[in-house]
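Below is one structure, written out as structure tokens, with a few remarks after it.
Order of the sequence lines fixes the chain letters, A, B, ..., with proteins taken first and strands second; residue numbering starts at 1 for each chain.
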2 protein chains.
Amino acid sequence: MSFMTGPAQRSPRRSDALSRERIVEAAIQILDTAGESGLTVRAVTAHLSTGRGAIYHHVATKDDLLAAAAGGVVGPVLADAAGHDDPARAIRALALGIFDAIDAHPWVGAQLAREPFQPAVLQIWKSLGVPLHRLGVSGTALADAGAALVNYVLGAAAQHAAGARQAPDDAARQQYLEALAGQWARDDADSLVRESAGLLPGHDDREQFLAGVDIFLAGVVSRAGGRP
Amino acid sequence: MSFMTGPAQRSPRRSDALSRERIVEAAIQILDTAGESGLTVRAVTAHLSTGRGAIYHHVATKDDLLAAAAGGVVGPVLADAAGHDDPARAIRALALGIFDAIDAHPWVGAQLAREPFQPAVLQIWKSLGVPLHRLGVSGTALADAGAALVNYVLGAAAQHAAGARQAPDDAARQQYLEALAGQWARDDADSLVRESAGLLPGHDDREQFLAGVDIFLAGVVSRAGGRP
DNA sequence: ACCTGAACACCGTTCAAGT
DNA sequence: ACCTGAACACCGTTCAAGT
């Protein structure tokens, strides 16, 4: 979005009036750079070179700001991923879009899991509900399937994001998973646990996420009325 | 000095030496009473009538304490729910046990969604993996199915807990959902959205959670080798 | 109306000093 | 060895005062 032409220019047009939009934009930038713990009201004021109280003129609370920032990331993603004819394809594309967005902005994962009816979560609900309906589900079954899918997507994304947060690069991740698998296998005599531990370092979160979406889709289809 | 002449001895053997166990116990009690924001190191020291630094002698960090508290709640639940012969039944019992525990201790929901490989999450992984295997899934398919189920359970529980946190009693919840459904239906012309909004106030989170588990189970069975 | 920045009431964590 | 509690370096939020 912002194209930095050089290191000389630090603050972008600070003469502009403050607005909710500009504050949310700054928050997203800070969250991407410094993580969730880096988002402080003081950091936002420094970024926008303004006073503390000015922020509260446009934003109710820090939680409000976090939710708005999450919405700012999720909204465009849902818009981009929409528009598939095949409903199952549409669901996969949406789910993957959300996953990738959270992979790129881990703090979004934690935020979406925190509030059930924040704007970003409602948007996800709506965008997944439409293709689910076209899959032949409606009424209470649609509500159940929609809740299950949304909860799975948010849960998986949150877990992945939490993992990404504590092992940022692939090498660290690999090392961490191997250590964990080793410990796991050592602590437990169960052969099943050992087998699962062995698979831990090699697996790809994104593929596994998609496999979960497919399991879910298979379940919905099989319950909706069997196969044709 | 503090003179506790109060009603017949409220604190249990405060002469006992401090220990990790006693600190975790106190944390659980505080979290249940005052919620996540009520858990401060100062509150713990007050509860145990000790100094700040003493806590850090037995616990590495506040996050460590939170994770241990979650483990203290989840562990017994998993032990109680185990031991069903029928694997599908076992999975339902475990999932429901976790859901109910999080319903009773909402802070656990937020905590489990935060760290992917904390002890409590590993325990959940193991306890769900065994019946899944007995359902006829193994190898990579087992890892995929296990991840999907765990992520769904944790995601749904986190969302439910977040909802429970902001609308504690049934009346508040009802009112909140009705307001939300109204707003939702007003903002959106889509008939599908309106239909879903109408179902919102009447639904039961626990039943919907179980419906999701069943969708998932149907998906696993249908992918594992079709129906007999 | 919008903004400033000092002040308030908190945090988690550390550490010299006690027993 | 275990514990104390003052001190440190932070927080989010408010509010009288400025423009």
Enumerate all atom pairs, one protein N or O and one N or O from nucleotides 17-19 of chain D, separated by less than 3.5 Å.
none

[X]: which residues meet the salt bridge (Lys or Arg N to Asp or Glu O under 4.0 Å) condition with it, sequence neighbours left out?
X	value
Arg173(A)	Asp205(A)
Arg92(A)	Asp214(A)
Lys126(B)	Asp188(A)

| field | For Phe209(A), ring pair (Phe, Tyr, Trp, His ring centres under 6.0 Å) partners two or more places apart | value | Phe99(A), Tyr152(A)

Heavy atoms from other residues, nucleotides or ligands near [atom1] of [X] exceed 12 (cutoff 6.0 Å):
X	atom1	answer
Glu21(A)	CD	no
Gln174(A)	CD	yes
Glu36(A)	CD	yes

Using whole Å, what does the distance between atom [atom2] of nucleotide [N] and atom [atom1] of [X] come to?
X	N	atom1	atom2	answer
Leu39(A)	dG12(D)	CG	P	7 Å
Ile55(A)	dC3(C)	CD1	P	9 Å
Arg22(B)	dC3(D)	CZ	C1'	14 Å

| query | Ignoring hydrogens and geometry, is there a side-chain-to-backbone donor-acceptor pair from His203(B) to Leu200(B) under 3.5 Å? | reply | yes

| said: Suppose the criterion is side-chain hydrogen bond (donor to acceptor under 3.5 Å, both in side chains): which pairs have a residue in residues 95-111 of chain A, not counting sequence neighbours? | reply: Asp32(A)-His105(A), Asp32(A)-Trp107(A), Asp100(A)-Arg206(A), Asp103(A)-His160(A), Gln111(A)-Arg114(A), Gln111(A)-Gln118(A)

| request: Using the side-chain hydrogen bond (donor to acceptor under 3.5 Å, both in side chains) rule, collect all pairs that involve residues 64-75 of chain B, keeping only residues at least two apart or in two chains. | output: Arg20(B)-Asp64(B)

| message | Given a 3.5 Å cut-off on both pairing distances, which stems involving DNA chain D, each at least three consecutive Watson-Crick or G-U pairs, are present, if any? | response | C:4-8 with D:12-16, C:12-16 with D:4-8

Would you tabulate the pairs of protein nitrogen or oxygen atoms and nucleotide nitrogen or oxygen atoms of nucleotides 5-10 of chain C closer than 3.5 angstrom?
from, atom 1, to, atom 2, distance (Å)
dG5(C), N7, Arg52(A), N, 3.4
dG5(C), O6, Gly53(A), N, 3.0

| query | Partners of Asp169(A) by side-chain contact (heavy atoms from CB on, under 4.5 Å), sequence neighbours excluded? | reply |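 Asp169(A) satisfies side-chain contact (heavy atoms from CB on, under 4.5 Å) with Ala171(A), Ala172(A) only.
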
| message | List the residues meeting side-chain contact (heavy atoms from CB on, under 4.5 Å) with Gln123(B), not counting sequence neighbours, and say none if there are none. | response | Leu78(B)

| query | Where is the tightest heavy-atom contact between Ala148(A) and Ile215(B), given as atom of each residue plus distance? | reply |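 Here Ala148(A) and Ile215(B) meet closest at CB-CD1, 4.4 Å.
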
| Within residues 56-67 of chain B: residues closer than 4.0 Å to DNA chain C (heavy atoms) | Tyr56(B), Thr61(B), Lys62(B)

